[in-house]
Protein chains: 2
Amino acid sequence: MTGRVLEHPEVEEIRLEAVLHALADPMRLEVVRFLSCVDREVACSEIDLVVSKSTTTHHYRVLREAGVINQVYRGTAKMNSLRRADLDALFPGLLDSVVAAAVREAEQADQASV
Amino acid sequence: MTGRVLEHPEVEEIRLEAVLHALADPMRLEVVRFLSCVDREVACSEIDLVVSKSTTTHHYRVLREAGVINQVYRGTAKMNSLRRADLDALFPGLLDSVVAAAVREAEQADQASV
DNA sequence: CTCCTTATACGATAAGCATCGTACTACGAT
DNA sequence: ATCGTAGTACGATGCTTATCGTATAAGGAG
């Protein structure tokens, strides 16, 4: 990969508006919900978003640049994880409430489709 | 005013993405922060946003249509208040954490400008 | 009624963003 | 060295949105 080093914002650079904007998208919210539920490093390819690969790349970058996720290369894969400690320290309760709401909405959507 | 009746989403119509999107703007976040701090009905003109009046109107509408605020006419004024009970019921902890973070960021900005 | 304040409507504009396809790179396995 | 998998880069495109100015409407005060 050309970009061997992935830039992440420092904790003090993480801005509330950017985090909220990153979370205010169905695809990215799905990624965050997934990461929160499995609570481990996850490759981009593990989460099946209903968009193209290039769009998927875009969403992961938005999440990383907002400070929501951490990304590292492991071979050809790029592993993603939530920056939970950083977010909890900066915005106590925010991630929990958003994820809880996202989980609930996802469950409602599941039920509606059955 | 032409629109005597202001449409608000029902509680069950409020969507997480829409709320997050509404909050992910500096102007609107400022409105929400202000409303939360004073904890009463506030006229649009009471909050000094650094944008034109028409843009201000736009931001209030986004907040209302997302289900974040309630708006009612009182004479020529339009009074705004947070839909705190609805939001707390739907997304427990979300509003509190966002407002707390917004207050903190606002204080940091104040300090930096002094 | 006339004036002032408050806010809206409307049209325009410029920027941002989600999306795509195609071509490409990096790495691991064969 | 070749192939396959995983992801990026680079336009391009069309939609959304933040912004403005001007004209307008509604209500209160004189």
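Keep in mind the model is a prediction, meaning the values are calculated, not measured. Quick note on labels: first sequence line is chain A, next is B, and so on, each numbered from 1.
Computed from coordinates, the Leu49(B) CG to dA18(D) P distance equals 13 Å when rounded to whole Å. Atom C1' of nucleotide dT17(D) and atom NE2 of His59(B) are separated by 9 Å, given to the nearest angstrom. Across the protein-nucleic acid pair, Glu46(B) atom CD and dA7(C) atom P stand 9 Å apart, rounded to whole Å. Here the C1' atom of nucleotide dT8(D) and the OH atom of Tyr73(A) are 7 Å apart, to the nearest Å. dC15(D) atom P lies 18 Å from atom CG of Asp25(A), rounded to whole Å. Distance, Arg64(A) CZ to dT8(D) C1': 11 Å, rounded to whole Å. If you take NZ of Lys78(A) and C1' of dA9(D), they are 12 Å apart, rounded to a whole angstrom. dT8(D) atom C1' lies 15 Å from atom CD of Glu7(A), rounded to whole Å.
Between Arg74(A) and dG28(C) there is no side-chain polar atom (N or O) within less than 4.0 angstrom of OP1 or OP2. The side chain of His58(B) places no N or O atom within less than 4.0 Å of a non-bridging phosphate oxygen (OP1 or OP2) of dT8(C). A sub-4.0 Å separation between OP1 or OP2 of dT19(D) and a side-chain N or O of Ser54(B) is absent. Note on Thr76(A): every side-chain N or O is 4.0 Å or more away from OP1 and OP2 of dG7(D). Checking the phosphate oxygens (OP1, OP2) of dT8(C), a side-chain nitrogen or oxygen of Thr57(B) falls inside 4.0 Å. Of the side-chain N and O atoms in Arg61(A), none sit less than 4.0 angstrom from OP1 or OP2 of dT8(D). Residue Ser52(A) places at least one side-chain N or O under 4.0 Å from the OP1 or OP2 atom of dC20(C).
Remark: Glu41(B) engages Arg74(B) in a salt bridge, criterion side-chain N to carboxylate O under 4.0 Å. Using a 4.0 Å cut-off between charged nitrogen and carboxylate oxygen, Arg83(A) and Asp88(A) do not count as a salt-bridge pair.
Along DNA chain C, the nucleotide nearest to Val51(A) and the one nearest to Met79(B) differ in position, and the one closer to the 5' end is contacted by Met79(B).
For Thr57(A) and Ser54(A), the side-chain atoms include no donor-acceptor pair closer than 3.5 Å.
Within 4.0 Å (heavy atoms only), Ser45(B) reaches sugar-phosphate atoms of the nucleic acid but no base atom.
Atom CD of Gln111(B) sits in a sparse spot, with 12 or fewer heavy atoms from other residues, nucleotides or ligands closer than 6.0 Å.
For dG7(D), its base sits under 3.5 Å from the side chain of Lys53(A) at one donor and acceptor pair at least.
Set against dA18(C), dT19(D), dT19(C), the side chain of Thr55(B) has dT19(D) as its closest nucleotide.
The CD1 atom of Ile69(A) sits 8.0 Å away from atom CG of Leu82(A), with the distance rounded to the nearest 0.5 Å.
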